2 protein chains.
Amino acid sequence: MARRKDHTPDELKAWVIRSVLEFLQDFPANELSLRKVAKRVEYSPGTLINLFGSYAHLLLAVNASTLDHISERLNNRLSASQELEPQQQLLLFAQEYLAFAKEHPFQWRLIFEHRLDDDVPEWQQNRINQLFELIELRLITLRPTSTSAELQQASRTIWASVHGICMLDVDNKIFATDNSSELSINGESMIQSLLKHYLSSWKLSSNTHTPSQ
Amino acid sequence: MARRKDHTPDELKAWVIRSVLEFLQDFPANELSLRKVAKRVEYSPGTLINLFGSYAHLLLAVNASTLDHISERLNNRLSASQELEPQQQLLLFAQEYLAFAKEHPFQWRLIFEHRLDDDVPEWQQNRINQLFELIELRLITLRPTSTSAELQQASRTIWASVHGICMLDVDNKIFATDNSSELSINGESMIQSLLKHYLSSWKLSSNTHTPSQ
DNA sequence: CTATTGTTTTGAACACTGTTCATAATAATA
DNA sequence: TATTATTATGAACAGTGTTCAAAACAATAG
């Protein structure tokens with residue numbers, strides 16, 4: 001059977017990804033399957049494998065789309081607040097990331113739960129590196145004397161920490177959040193705490209020695 | 001068939017868990033299956049389901065065992081260095097956690113990748129709460145005036161951040177670690193950076209207002 | 001010591017999974 | 001219109017977790 005006239009290959013790819021993202025809005029990824037995706041878009045499982053190579057690569061394409069959405073939101077948030085001070089921008093940056101994670105928890109989780117056997121493709125690596133650059137750009141105005149290695153060190157540390165906080169907040173089941181009483185410690189306040197204390201010390205510290213080794 | 005005389009139910013449970021942990025020493029959890037476990041311990045799949053309830057609960061029992069191992073290592077590390085200052089102890093604490101994650105990456109990952117549909121059992125929650133208490137105990141000597149809410153806030157923030165750093169270090173594929181050149185930013189240095197800057201600011205900050213809300 | 005009761009283990013069966021591939025159906029070209 | 005490419009399909013395959021009637025053993029009663 002040749003191409004059904006309703007979709008070109010690229011249209012079908014986009015339509016598949018959109019369908020999966022819609023599913024992940026309500027259900028976790030482990031409840032999805034290649035055959036369910038095929039049913040949703042009314043194509044056969046084999047067709048989707050021809051398109052993406054495998055189910056794993058289909059999910060990878062979904063993750064790429066998610067990363068694009070995240071990147072778009074972060075850029076919009078930042079460009080809409082360029083008059084603010086750098087530490088305020090970094091706070092908005094992290095808060096926007098957390099907001100996306102909480103609005104689309106299953107999409108967000110899939111990015112980190114789904115690993116391929118082979119290495120991550122470079123086009124995906126580039127998407128992630130772009131996010132780091134946005135952080136380093138604010139860090140360098142926060143402390144202009146810092147070296148490139150120090151900027152990388154700080155941006156990675158901050159981002160890994162923010163990411164960990166988001167994980168804790170998205171599934172408040174792993175760690176104990178509401179164990180006893182009082183005010184629940186939400187991700188928002190943890191991000192505030194992290195950036196406030198880390199940055200206030202980092203921007204003042206002199207670079208007497210290289211961070212690692 | 002009644003009980004084969006080689007193992008009692010509890011012995012079999014322990015033997016199964018040990019076998020899975022051995023597997024996870026070399027291979028990721030997604031390459032394991034109930035049937036493979038059954039083959040390894042030379043029992044039938046149905047027997048293991050009778051024992052644990054389901055394959056998901058079997059993996060949960062494995063995670064409980066892993067958490068015990070982590071807890072044991074952390075307690076040993078801390079009790080062997082009670083003469084040190086609290087921030088030094090927190091550093092050792094985080095470093096030991098990272099060390100375990102890097103020595104047993106597949107065991108460590110399984111704890112957070114494997115989620116049940118229903119809530120986390122309280123006996124697992126208790127294990128995690130114990131780890132938090134160890135942190136809060138050091139934080140309170142670091143800043144005796146801090147309230148219970150502040151301690152919880154700080155311990156959660158620190159631990160979530162440390163956890164995020166470990167994730168980044170265990171699979172250096174997700175984020176870009178060795179993207180360009182120079183000294184690679186390892187988890188050890190990130191943990192040092194995090195604790196140094198966060199704690200140096202936190203222990204000085206006065207509690208003028210409650211952390212959240 | 002045999003017969004009965006109770007418990008533990010099993011393997012076949014079920015509904016599912018991702019993947020392969022010969023075949024069939026359509027589109028583009030000669 | 002006939003031929004060549006391309007594209008979609010569904011059956012088949014090996015794998016998955018789970019169920020459950022039947023079988024095999026242990027413990028007890030007569």
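All values derive from a computational prediction rather than experimental measurement. Below, chains carry the letters A, B, ... as their sequence lines are ordered, and counting in each starts from 1.
Rounded to an integer number of Å, the gap from Leu58(B) CG to dT16(D) P is 14 Å. For Leu51(A) and dT9(D), the CG to C1' distance is 14 Å, given to the nearest whole Å. The distance between atom CG of Leu48(A) and atom P of dT17(C), rounded to the nearest whole Å, is 13 Å. Atoms CG (Leu12(B)) and P (dT7(C)) sit 19 Å apart, rounded to a whole Å. Between the OH atom of Tyr43(B) and the C1' atom of dA24(D) there is a distance of 13 Å, rounded to whole Å. For the pair Glu31(B) CD and dG15(D) P, the interatomic distance rounds to 14 Å; values are reported in whole Å. Between Glu42(A) atom CD and dA8(D) atom C1' the separation is 14 Å, expressed in whole Å.
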Kindly give the atom pairs (protein nitrogen or oxygen, nucleotide nitrogen or oxygen) under 3.5 Å for nucleotides 18-21 of chain C.
{"residue": "dG18(C)", "atom": "OP1", "partner": "Leu34(A)", "partner atom": "N", "Å": "2.6"}
{"residue": "dG18(C)", "atom": "OP2", "partner": "Leu34(A)", "partner atom": "N", "Å": "3.0"}
{"residue": "dG18(C)", "atom": "OP2", "partner": "Arg35(A)", "partner atom": "N", "Å": "3.3"}
{"residue": "dG18(C)", "atom": "N7", "partner": "Arg35(A)", "partner atom": "NH1", "Å": "2.3"}
{"residue": "dG18(C)", "atom": "O6", "partner": "Arg35(A)", "partner atom": "NH1", "Å": "3.1"}
{"residue": "dG18(C)", "atom": "O6", "partner": "Arg35(A)", "partner atom": "NH2", "Å": "3.2"}
{"residue": "dT19(C)", "atom": "OP2", "partner": "Tyr55(A)", "partner atom": "N", "Å": "2.7"}

**Study point:** Tyr198(B) and His197(A): CA distance, side-chain angles, deciding distance, ring pair (Phe, Tyr, Trp, His ring centres under 6.0 Å) verdict
**Key:** CA-CA 5 Å; Tyr198(B) 184 90; His197(A) 291 118; 5.1 Å; yes
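In this structure, Thr47(A) reaches the dT9(D) phosphate: one of its side-chain N or O atoms is under 4.0 Å from OP1 or OP2.
A donor-acceptor pair is defined here as one N or O able to donate and one able to accept, closer than 3.5 Å; such a pair exists between the side chain of Arg40(A) and the backbone of Ser19(A).
Ionic pairing of Glu113(A) and Arg109(B) is not present here: no N-O contact between side-chain nitrogen and carboxylate oxygen is shorter than 4.0 angstrom.
Applying the 6.0 Å contact sphere to CD of Glu103(B) captures more than 12 heavy atoms from other residues, nucleotides or ligands.
Atom CD in Gln152(A) sits 5.5 Å away from atom CD in Glu136(A) (nearest 0.5 Å).
Side-chain contact, Ser189(A) with Asn186(A): a donor N or O sits under 3.5 Å from an acceptor N or O.
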